[in-house]
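Since this is a predicted model, take the numbers as computed values, not measurements. To find a chain, count down the sequence lines: A is the first, B the second, and so on, and within it residues start at 1.
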Amino acid sequence: MSTGFGKGSHLHLIDGSAFIFRAYHALPPLSRKSDGLPIGAVSGFCNMLQRYVENNSGKDAPTHIAVIFDKGSHTFRNDLYDQYKANREAMPEDLRPQIPLTRRATEAFNIACKELEGYEADDIIATLACQAREAGGSVTIVSSDKDLMQLVGDGVVMYDAMKNRVIDRDGVFEKFGVYPESVVDVQALAGDSVDNVPGAPGIGVKTAAQLLGEFGTLEELLDRAEEIKQPKRRQTLIEKRDQIELSKKLVQLDCETPLDFTLDDLEHTDPDPGTLLGFLKEMEFRTLTKRIADAFGVEAPVIPDTTPQGANPPADNGPSVADIPFEPASYDCVRDVEALKTWIAQAHELGYVAVDTETTSLNEMTAELVGVSLSVEAGKAAYIPLGHRSQGGDDLFGGAELAEGQIKLDEALALLKPLLEDPAVMKIGQNMKYDAKVLARYGIDIAPIDDTMLLSYAMNAGLHSHGMDALSERYLSHSPIPIKEVIGSGKSQITFDLVPIDEATKYAAEDADITLRLWQIFKPQLHQAKVTRVYEGMERPLVPVLADMERAGIKVDRDTLSRMSNAFSQKMAGLEAEIHEMAGQPFNVGSPKQLGEILFDKMGFEGGKKGKTGAYATGADVLEDLATEHELPRRVLDWRQLSKLKSTYTDALQEHINAETGRVHTSYSIAGANTGRLASTDPNLQNIPVRTEEGRRIREAFIAEQGKVLVSLDYSQIELRILAHIAGIDALKQAFREGQDIHAATASEMFNVPLDEMTPDVRRQAKAINFGVIYGISGFGLARNLRIPRAEAQGFIDRYFERFPGIRTYMDETTEFAKKHSRVETLFGRVIHTPEIAAKGPRAGFAKRAAINAPIQGTAADIIRRAMIRMPDAIAKLPATMLLQVHDELLFEVEEGAVDELIAAARDVMENAADPVVKLDVPLVVDAGQGANWAEAH
DNA sequence: CCTGTCACG
DNA sequence: GACGTACGTGACAGGG
């Protein structure tokens with residue numbers, strides 16, 4: 001029945017990109033259950049196609065149909081004008097992989113799918129519409145894009161699928177005030193801020209339509225521009241003639257696109273049921289598969305239910321998980337292989353399982369696995385003891401023997417490994433990084449995971465902490481068995497392997513039970529809280545990245561530390577003697593209480609202030625002031641510095657060197673800091689000294705292995721850059737774009753000092769103000785920091801606000817937002833709750849400054865998180881390991897020959913880490929350093 | 001266990 | 001007009 005395209009034929013042209021974006025934004029970010037592939041836009045796209053075909057199956061059904069896509073970002077318009085579509089936001093990361101799938105979907109529906117490199121979809125649509133019109137057929141363009149309106153008329157109409165409205169010549173007139181043949185002229189004059197078409201400044205659609213009504217065509221208008229009465233308008237049209245003519249070329253669609261197919265190739269035929277249903281099955285679209293199978297009158301293919309619900313708990317019908325009682329006695333203790341297999345099968349069937357590990361220590365690097373607990377349903381959990389020992393073993397070596405009635409560790413792990421690594425089963429944990437690290441040491445790479453701690457953090461940062469006990473109390477009204485009751489505390493504390501198995505079961509299974517229940521509460525709330533992308537993009541993917549960094553650790557040279565400790569001891573002893581001599585009596589220099597009494601009571605210094613405990617304040621700022629009057633306070637300051645360096649660093653770090661690896665392994669808490677920053681503990685490697693020469697030498701003990709180098713990359717002024725972007729401070733943005741010294745530039749702007757006459761002191765003051773702004777500046781705080789009178793500090797601040805009024809606006813708007821919503825947000829959508837903002841009294845001040853700071857600090861934290869998540873792939877082929885993060889710095893260990901390559905690759909990731917979600921107005925700049933130790937690298 | 005102090009960004 | 005004040009962390013020592 002193929003007769004070729006001609007009179008009576010009806011061509012439908014669907015704007016594919018419009019369909020995709022509408023589908024993407026209309027739906028929550030769904031993902032394919034079996035492997036987490038993002039699929040929301042594809043799902044919406046298929047639904048829209050299906051509905052479209054259904055609605056157009058009557059006698060007006062199209063004889064020919066095609067979906068047209070854009071291809072490539074560079075078109076002939078970019079050659080005309082390099083700014084064309086330059087400020088278009090980049091495609092969201094989770095949409096990109098879905099684009100090819102929409103092509104496949106189109107083909108599966110047996111609809112022609114067309115695109116052409118170097119041309120926009122609009123040009124292909126224009127060319128096809130012209131051809132169809134000439135052949136005597138009619139055309140419906142399915143799109144609401146105003147750029148396509150120039151094509152309407154002579155048998156061509158547009159159809160807005162969203163509003164279910166046909167746009168004909170009158171519809172175009174309604175929109176533009178002119179008929180289709182003049183649309184291009186209107187657009188050339190009015191320009192388009194979305195596509196970055198310049199147009200004529202100051203002329204919009206209304207004025208353009210009016211001018212064209214008067215002069216007829218754009219060319220006529222430009223030739224006779226002198227006749228225009230309004231002086232401003234006349235001047236614009238004369239001066240900007242080139243720009244307007246360029247704009248016309250940009251908006252004019254190309255009807256001569258070189259196509260490698262003809263209209264006849266677009267003939268619409270019914271899809272092949274097998275192909276279409278096969279595709280839908282592969283995408284795991286259950287509802288749509290069934291609907292289309294019904295329409296074909298065939299059996300719907302079975303999408304195996306053994307593939308997991310995985311990512312989400314089943315819809316909640318029964319009693320709330322918080323209402324199901326906790327019954328420790330009901331927990332299953334799994335002591336044989338058959339029972340274990342039953343539990344594993346249940347997990348496979350459901351597609352999710354809560355997992356918790358019990359170990360001999362909180363240190364994941366040395367902890368030995370003692371047992372694993374699982375839960376698949378609220379109130380239903382199992383504990384699998386694997387390494388329990390009978391208490392008080394009485395053999396000669398005092399070692400306890402493995403208790404009876406446990407599956408052999410190897411055997412159990414061999415059974416658990418396929419489950420824990422099965423991409424089709426979601427493993428749910430509370431602080432999964434811990435379990436992942438322990439299991440990694442037993443050869444199990446647990447994935448995919450959900451983490452209740454991180455779910456809570458993504459939704460509730462700032463509201464409460466995210467430890468399991470706190471979450472259980474708050475959301476389940478249940479106090480878990482305290483670990484103290486199981487293993488004791490203090491001197492009589494035992495390790496978990498010595499806990500009797502019955503008791504261990506109650507404790508361990510309860511943890512898995514609680515974790516599962518929390519997940520069932522939290523996971524469905526994620527989308528509503530609008531933090532799905534935060535959780536899936538910036539929290540969860542960080543878990544394996546940090547686990548690897550922590551397991552890698554950094555090499556620390558014990559001898560270097562030990563020598564420093566000795567040197568510090570000697571110096572301190574000398575200082576202590578001098579201090580006692582000056583004080584006229586011996587006392588504990590390390591006791592602020594005793595020191596305060598010596599200073600203010602015995603020696604009679606003025607201005608002693610007592611705190612709420614009744615002790616004198618003896619902080620560094622106090623001693624610094626007293627140091628002008630007497631030598632003793634300076635000695636105490638020196639002593640304190642050495643004492644700090646010794647106790648916290650040179651002594652303590654040695655204790656943290658792992659006997660097996662010879663390295664120090666910190667632990668990062670992902671959900672510790674409210675702003676999104678990480679925190680480092682045991683030991684804290686984010687506060688290794690650097691500001692004083694003496695302290696910085698401690699970094700010489702952090703070294704690279706033989707043949708390797710430490711490389712440090714850090715963001716330059718990232719928070720100030722973010723401030724410039726968020727608050728929209730043009731002067732700061734400009735300074736950053738030009739690579740200026742930002743503090744000097746600020747000083748120059750504030751104090752009217754030319755850059756080449758800048759003194760270090762003026763620059764220092766400007767620097768203090770810049771940082772003060774980030775922290776929610778106050779006259780008092782700046783005065784104290786700069787040690788200047790408060791009035792003077794306030795004067796600086798006033799002048800700063802005067803010169804950079806955007807800052808004041810940002811602070812006011814942020815405070816308002818916080819008051820209104822009780823939260824603030826980062827550029828990437830991270831939510832930080834600010835419950836205290838409503839408080840009265842001094843707490844309100846704290847809350848306000850925290851609210852001002854959080855979006856800035858938090859956005860910086862988001863950016864480096866994104867960089868860290870991308871880093872493993874980016875450096876996969878290099879002999880390099882990412883070791884540490886210090887808020888704006890990443891430290892790597894690299895083989896000597898690959899340093900330059902590593903720097904290039906890592907810098908690229910870091911400098912572009914905001915893309916494509918946020919387009920910053922300022923460049924991100926990363927500085928790099930390298931050396932045999934951290935002091936050299938930094 | 002809390003407080004003061006001080007190390008970092 | 002008074003009241004306290006820079007933001008975010010973690011570790012250690014002293015002292016109850």
*Asks:* Calculate the interatomic distance between A:K840 atom NZ and C:dG1 atom P; express it in whole Å.
*Replies:* 20 Å
*Asks:* Please report, rounded to the nearest Å, how far the P atom of C:dA13 is from the CG atom of A:L595.
*Replies:* 17 Å
*Asks:* How far does the P atom of B:dG4 sit from the matching atom of C:dG4, given to the nearest Å?
*Replies:* 15 Å
*Asks:* Taking CZ from A:R640 and P from C:dA13, how many angstroms apart are they, rounded to a whole number?
*Replies:* 14 Å
*Asks:* Hey, what's the ring geometry for A:H630 with A:F605, parallel, tilted or perpendicular (30° and 60° as the breaks)?
*Replies:* perpendicular
*Asks:* Please list residues of residues 717-729 of chain A whose heavy atoms come under 4.0 Å from any atom in DNA chain C, ordered by number; otherwise none.
*Replies:* none
*Asks:* So which of residues 929-938 of chain A are in contact with DNA chain C, with a heavy-atom cut-off of under 4.0 Å?
*Replies:* none
*Asks:* Across the strands shown, which category fits A:A620 at heavy-atom distances under 4.0 angstrom: base, sugar-phosphate, nothing?
*Replies:* sugar-phosphate
*Asks:* Under 4.0 Å between a Lys/Arg side-chain N and an Asp/Glu carboxylate O for A:E631 and A:R634?
*Replies:* no
*Asks:* Output one letter per nucleotide in nucleotides 2-7 of chain C: B when a protein non-hydrogen atom lies under 4.0 Å from the base, S when only the sugar-phosphate is that close, - when neither is.
*Replies:* --BBBB
*Asks:* Output every pair passing salt bridge (charged side-chain N to carboxylate O under 4.0 Å, His left out) with a member in residues 836-865 of chain A, not counting sequence neighbours, ordered by first then second residue.
*Replies:* A:E539-A:R865, A:R830-A:D862, A:E836-A:R843
*Asks:* Between residues 683-695 of chain A and DNA chain B, which residues have a heavy-atom gap below 4.0 Å?
*Replies:* A:Q686, A:N687, A:I688, A:P689, A:V690, A:R691
*Asks:* Could you list where the contact with chain A starts and ends along DNA chain B, reading 5' to 3', using a 4.0 Å heavy-atom cut-off?
*Replies:* B:dT3 to B:dG9
*Asks:* For A:I852 and C:dG8, what is the distance between atoms CD1 and P respectively, to the nearest whole Å?
*Replies:* 11 Å
*Asks:* From CH2 of A:W639 over to P of C:dA13, roughly how many Å is that when rounded to an integer?
*Replies:* 10 Å
*Asks:* Can you tell me which residue pairs pass the ring-ring contact (aromatic ring centres under 6.0 Å, His included) test with a partner in residues 772-792 of chain A, sequence neighbours excluded?
*Replies:* none
*Asks:* May I have all residue pairs that pass salt bridge (charged side-chain N to carboxylate O under 4.0 Å, His left out) and include part of residues 765-782 of chain A, sequence neighbours excluded?
*Replies:* none
*Asks:* Classify A:A652 by what it touches in the nucleic acid, base, sugar-phosphate, or nothing, heavy-atom distance under 4.0 Å.
*Replies:* sugar-phosphate
*Asks:* Any salt bridge linking A:E694 with A:R696? Criterion: basic side-chain nitrogen under 4.0 Å from a carboxylate oxygen.
*Replies:* no
*Asks:* What I want to find out is whether A:D638 reaches A:K571 closely enough, with some N-O distance under 4.0 Å, to be called a salt bridge.
*Replies:* no
*Asks:* In whole angstrom, what separates A:K644's NZ from C:dG14's P?
*Replies:* 13 Å
*Asks:* side-chain hydrogen bond (donor to acceptor under 3.5 Å, both in side chains) with A:Q594: which residues, sequence neighbours excluded?
*Replies:* none
*Asks:* Looking only at atom P, what distance separates C:dC3 and B:dC6, rounded to whole Å?
*Replies:* 27 Å
*Asks:* Applying salt bridge (charged side-chain N to carboxylate O under 4.0 Å, His left out) as the test, list every pair that has at least one member in residues 780-807 of chain A; sequence neighbours left out.
*Replies:* A:D625-A:R787
*Asks:* For A:Y800, which residues count as a ring-ring contact (aromatic ring centres under 6.0 Å, His included) partner, sequence neighbours excluded?
*Replies:* A:F804
*Asks:* Which dot-bracket notation, 5' to 3', represents the base pairing of DNA chain C when pairs are defined as Watson-Crick or G-U with both distances under 3.5 Å, crossing pairs as [ ], and inter-strand pairs as |?
*Replies:* ......|||||||||.
